[in-house]
Amino acid sequence: MPELPEVEVTRLSFALEIAGAKVISVCMGKPLRWPLGCLPTALAGRSVQAVRRRGKYLLIDLDQGLLLVHLGMSGSLGFASQLPPAGAHDHFEMLTTQGTLRLTDPRRFGAVVYADSEDAPQACKLLDKLGMEPLSDDFDIDRFHVQLKRRKAAIKQVLLAGDVVVGVGNIYASEVLFWAGVRPTLSATRLSWPRSVKLHAAIRDVLARAVAKGGSTLRNFSNANGDSGHFQLETMVYARQGQPCRVCGTPIKALRQGQRSTFYCPLCQKA
DNA sequence: AAAAGCCCCTGGATGC
DNA sequence: TGCATCCAGGGGCTTT
């Protein structure tokens, strides 16, 4: 579930509440994607300073070191002074003086990794090759266009790869390409300057609107307060194959690219 | 260097 | 009801 908007919505839903909290204890459930990288007891006594986001990673800054949290495909966080008893899918829990932070992740593609600093190898390994942040000033149109020109793969795959621009996952890739009027199979290198400009704008616009709507809840995404998102109600193409395009009425088509499903309107996205 | 496949894991939906 | 198959928001690793 979690693409950039869901991760950002999650961040916003507990960042202020956890700031200043002191860690009491940490416990881990079943193994996640990677080991924590330190003894859970080593974190006790540290204080949480801020929660930031880089791509689909949440960075929880401690007074010493930081935790990198990734929600994978099925993860969600909860933060409250009183959480329900831990279930079979709760694999990380951090008790603090201001509440308990819990990662629930049935598929366990998610991760919680400790690093001494953002420059430490554990962090670099995850963050170094990430592309531009689409909602920040860092997202430069010229650079975006130049980087697309260097890629021959289909534009949708390039967006998903995350090394040009981060945060666009499978739902938003289809949505963004719809708004830009670009066919998902088009080789990235063939995007003209005006179309790159349009795509750049569509990425910012769609992601920002999705954040404003609390993200998309397809199965069970919720923010750290348990609220669902609503952006799934206004998708133009995602999971709408066979249904009429909301703009021109043409039936939406589906195809597979790199074992992921893609949706587009054959008329609105002519090439 | 870039692209394509495979794989991690669990659960829900669908089909026989 | 039971079982097999396919699919799902991600992304790292290995192979071409």
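As the structure is a prediction and not an experimental result, all values here were calculated from the model. Basis for what follows: all heavy atoms, side chains included, without hydrogens, waters or symmetry-related copies. Order of the sequence lines sets the chain letters (A, B, ...), proteins ahead of strands, with each chain counted from 1.
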Distance-only donor-acceptor pairs under 3.5 Å for side chains of residues 20-44 of chain A, two or more places apart:
none

Scan residues 242-258 of chain A for pairs that pass side-chain hydrogen bond (donor to acceptor under 3.5 Å, both in side chains), counting only residues two or more places apart or in two chains.
A/Q257-A/T262
What's the [atom1]-[atom2] distance between [X] and [N], to the nearest Å?
X: A/Q257; N: C/dG10; atom1: CD; atom2: P; answer: 14 Å
X: A/R256; N: C/dC6; atom1: CZ; atom2: P; answer: 11 Å
X: A/Y172; N: C/dG10; atom1: OH; atom2: P; answer: 10 Å

On a heavy-atom basis, which atom in A/E118 and which in A/L66 lie closest, and how many Å separate them?
N-CD2, 3.7 Å
Can you list, by chain and residue number, the hydrophobic cluster partners of A/I141 when the side-chain cut-off is 4.5 Å?
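Its cluster mates, by chain and number, are A/W193, A/V197.
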How are the rings of A/F139 and A/F144 set relative to one another: parallel (under 30°), tilted (30 to 60°) or perpendicular (over 60°)?
perpendicular
Hey, can you pull the donor-acceptor pairs under 3.5 Å for the side chains in residues 174-183 of chain A, sequence neighbours left out?
residue: A/S174; atom: OG; partner: A/F263; partner atom: N; Å: 3.2
residue: A/E175; atom: OE1; partner: A/M236; partner atom: N; Å: 2.7
residue: A/E175; atom: OE2; partner: A/M236; partner atom: N; Å: 3.3
residue: A/E175; atom: OE2; partner: A/V237; partner atom: N; Å: 3.0
residue: A/E175; atom: OE2; partner: A/Y238; partner atom: N; Å: 2.8
residue: A/R183; atom: NE; partner: A/Q269; partner atom: O; Å: 2.4
residue: A/R183; atom: NH2; partner: A/P266; partner atom: O; Å: 3.0
residue: A/R183; atom: NH2; partner: A/Q269; partner atom: O; Å: 3.1
residue: A/R183; atom: NH2; partner: A/K270; partner atom: O; Å: 3.3

Sequence neighbours excluded, the answer for ring-ring contact (aromatic ring centres under 6.0 Å, His included) partners of A/Y264 is none
Sequence neighbours left out, what pairs pass salt bridge (Lys or Arg N to Asp or Glu O under 4.0 Å) with at least one residue falling in residues 147-156 of chain A?
A/R151-A/D163
Run the salt bridge (charged side-chain N to carboxylate O under 4.0 Å, His left out) test on A/K56 and A/E6 for me, step by step, so that the C-alpha distance in whole Å, both residues' side-chain angles and the decisive distance to 0.1 Å come before the verdict.
CA-CA 9 Å; A/K56 295 172 189 168; A/E6 290 73 33; over 6 Å; no
Which residue lies toward the 5' end of DNA chain B, A/V158 or A/K30, if each is placed at its nearest nucleotide?
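Of the two residues, A/V158 wins.
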Quick one: does A/Q64's side chain have a donor or acceptor within less than 3.5 Å of a partner on A/D116's backbone?
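Judged by distance alone, no pair lies under 3.5 Å.
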Please check this pair: side chain of A/N223 against backbone of A/N225, looking for a donor-acceptor N/O pair closer than 3.5 Å.
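Pair found, side chain donor or acceptor close to backbone of A/N225.
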Can you tell if the side chain of A/D63 reaches within under 4.5 Å of the side chain of A/Q49, non-hydrogen atoms only?
yes
Near-strand residues of residues 139-156 of chain A, defined as heavy-atom separation under 4.0 angstrom from DNA chain C
none
Does OP1 or OP2 of C/dA8 have a side-chain N or O of A/S261 closer than 4.0 Å?
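Yes.
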Just wondering, are more than 12 heavy atoms of other shown residues or ligands nearer than 6.0 Å to CG in A/D128?
yes
Paired stretches of DNA chain C - 3 or more consecutive Watson-Crick or G-U pairs, each distance under 3.5 Å:
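Counting only runs of 3 or more consecutive pairs, the stems involving DNA chain C are B:2-8 with C:10-16, B:10-16 with C:2-8.
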For A/L267 and A/V247: C-alpha separation, side-chain torsions, deciding distance, then whether side chain to side chain contact (heavy atoms under 4.5 Å, CB included) applies.
CA-CA 10 Å; A/L267 189 58; A/V247 170; over 6 Å; no
Among residues 105-112 of chain A, which ones have heavy-atom contacts with DNA chain B below 4.0 Å?
A/P106, A/R107, A/R108, A/F109
Need two values: the first and the last nucleotide of DNA chain B, 5' to 3', having an atom under 4.0 Å from any heavy-atom of chain A.
B/dA3 to B/dG11
Under 3.5 Å, is there a donor on one side chain and an acceptor on the other for A/S74 and A/D105?
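Judged by distance alone, the side chains do pair up.
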Under 3.5 Å, N/O pairs linking protein and nucleotides 11-14 of chain C:
residue: C/dG11; atom: OP1; partner: A/H70; partner atom: NE2; Å: 2.7
residue: C/dG11; atom: OP2; partner: A/K56; partner atom: NZ; Å: 2.9
residue: C/dG12; atom: OP1; partner: A/Y57; partner atom: OH; Å: 3.4
residue: C/dG12; atom: O4'; partner: A/R33; partner atom: NH2; Å: 2.9

Mind checking what makes salt bridge (charged side-chain N to carboxylate O under 4.0 Å, His left out) contact with A/K213, not counting sequence neighbours?
A/E234
Answer with base, sugar-phosphate or nothing: what part of the nucleic acid does A/G258 contact at a heavy-atom distance below 4.0 Å?
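The answer is nothing, as A/G258 stays clear of every strand by at least 4.0 Å.
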